[in-house]
Amino acid sequence: MELVLPARQPFSLHSVIHSHGWMQLAPFRLDEDNRGLAHTARLGTGKVVDIIITAAPDGVSVQSSESLKESEQEELAGMVDWMLGLDQDFAGFYGVASREPRLAQAAARAQGRILRSPTLFEDVVKTILTTNTLWAATIRMNNNLVEQFGDPLSTDQQRKTFPTPQQLASVEVETLRAQTRLGYRSPYIAELARRVASGELDLEALKHSDLPTPELRKRLLGLKGVGDYAAANLLMILGRYDAIPVDSWALKMVSNEWYGGAPVGRAEVEAAFEGWGEWKGLAYWLWDWTPVNR
DNA sequence: GGTAGACCTGGACGC
DNA sequence: GCGTCCAGGTCTACC
């Protein structure tokens, strides 16, 4: 079955898919025909569906592997809306970005939306998996989580969902460590899953929280395994752009762009984008780092 | 508040 | 094949 969902313009499915590396992390994958984004999702009823999202006039088309009841269609529509940020408005950013050559293409490419997982729980876990490791290891750890603990699609056992907090909360830390190679992150993920599964922590409520960004950041920093970089990355996912996820790559790029390759720290990265105010995270994210002769 | 060292895995490298 | 080194953020203890 198919759903057609409108998006606030300008919108580019290609820009969302390639906004960061999330599309390489299961259960995301590129559609086999390279037409769009595929995902294996679990609905509230427990039904597992495989969806393929492709571009449509003024929005996206969502093809589901299963026929869905009306309530399930509404849930799926809400899920895709969140994942792609269909209604997000970047007019303010485009206005200021148009005056900066390094960001001049942002509006034309409809950049700004950042691909999200269906749940904030999944995005927090994935973000923790990006810390203190190489990208290839992040992909491997995430694949292990999905492969070991996700629910399979009824028609294709190879396609699995991202495990729920309940599923991960029921796994012993040492089992998690041994089967997924999460290393020292295992107790962090286990504790997060336990807190969410027990109801002690309502992560999903943060998706639409009206808390000021500093308070939201404080909440995220309260999660074990989430430090400055991870919190800033999650704030970007939550649509708060006044923080920069400073990692080793950011230090290298800022060093090359403004300091002639000399070593720089967090302060220099922050200073480089300070003038962008509420948009500084997005300005950093979309900056064209292509070397130019100065 | 700032800093040093430990945490853990896997890839690269030398022998 | 084995041992060593290194990269990658966060946590904790200490000052």
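All values below come from the heavy atoms of this structure, side chains included, with hydrogens, waters and symmetry mates left out. Just so you know, these numbers come straight off a predicted model, no measurement behind them. Quick note on labels: first sequence line is chain A, next is B, and so on, each numbered from 1.
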For this session: Using chain A heavy atoms and a threshold of under 4.0 Å, write down where along DNA chain C the contacts begin and end, 5' to 3'.
Result: C:dG8 to C:dT12
For this session: Enumerate the residues from residues 261-268 of chain A whose closest heavy atom to DNA chain C is under 4.0 Å, giving them by residue number; use none for an empty result.
Result: none
Exercise. Aromatic rings A:Trp276 and A:Trp287: how do their planes relate, parallel, tilted or perpendicular, breaks at 30° and 60°?
Worked result: perpendicular
Problem set entry | Residue pair A:Trp22 / A:Asp123, side-chain donor-acceptor N/O under 3.5 Å | yes
Exercise. Do side-chain atoms of A:Glu215 reach the backbone of A:Pro212 as a donor and acceptor pair under 3.5 angstrom?
Worked result: no
For this session: Give a yes or no answer on whether the side chain of A:Arg181 reaches the backbone of A:Met141 with a donor-acceptor pair at less than 3.5 Å.
Result: no
For this session: Answer yes if the side chains of A:Thr213 and A:Arg240 hold a donor-acceptor pair under 3.5 Å, and no otherwise.
Result: yes
Exercise. In terms of the angle between their ring planes, are A:His14 and A:His18 parallel, tilted or perpendicular, with boundaries placed at 30° and 60°?
Worked result: tilted
For this session: Measure from the ring center of A:His208 to the ring center of A:Trp82 and say whether it is less than 6.0 Å.
Result: yes
Exercise. Tell me, which of residues 215-240 of chain A have any heavy atom that sits under 4.0 Å from an atom in DNA chain B?
Worked result: none
For this session: Indicate yes or no for a side-chain donor-acceptor contact from A:Ser64 to the backbone of A:Met1 under 3.5 Å, with no hydrogens or angles considered.
Result: no
Seminar exercise, completed: Per-nt protein contacts along nucleotides 2-12 of chain B (heavy atom under 4.0 Å; B base, S backbone sugar-phosphate only, - none) come out as -----BSSSS-
For this session: Evaluate the ring planes of A:Phe90 and A:Tyr241, with Trp represented by its six-membered ring, and classify them as parallel (under 30°), tilted (30 to 60°) or perpendicular (over 60°).
Result: tilted
For this session: Please confirm whether the backbone N or O of A:Asp50 pairs with a side-chain atom of A:Glu66, one donor and one acceptor, at under 3.5 Å?
Result: no
Problem set entry | Helix axis bend for the helix from B:dG1-C:dC15 to B:dC15-C:dG1 - C1'-based end axes, five pairs, 10° rounding | 30°
Exercise. Between the side chain of A:Glu268 and the main-chain N/O of A:Gly265, is any donor-acceptor distance below 3.5 Å?
Worked result: yes
Review item, side-chain donor-acceptor pairs of residues 103-111 of chain A, under 3.5 Å, at least two apart:
none

Exercise. Distance-only, no hydrogens or angles: does the A:Thr138 side chain make a donor-acceptor pair with backbone N or O of A:Leu129 under 3.5 Å?
Worked result: yes
Exercise. Sub-3.5 Å donor-acceptor pair from the side chain of A:Glu147 to the main-chain atoms of A:Leu145, do we have one?
Worked result: no
For this session: Examine distances only and state if a side-chain atom of A:Asn142 and a backbone atom of A:Ala26 form a donor-acceptor pair shorter than 3.5 Å.
Result: yes
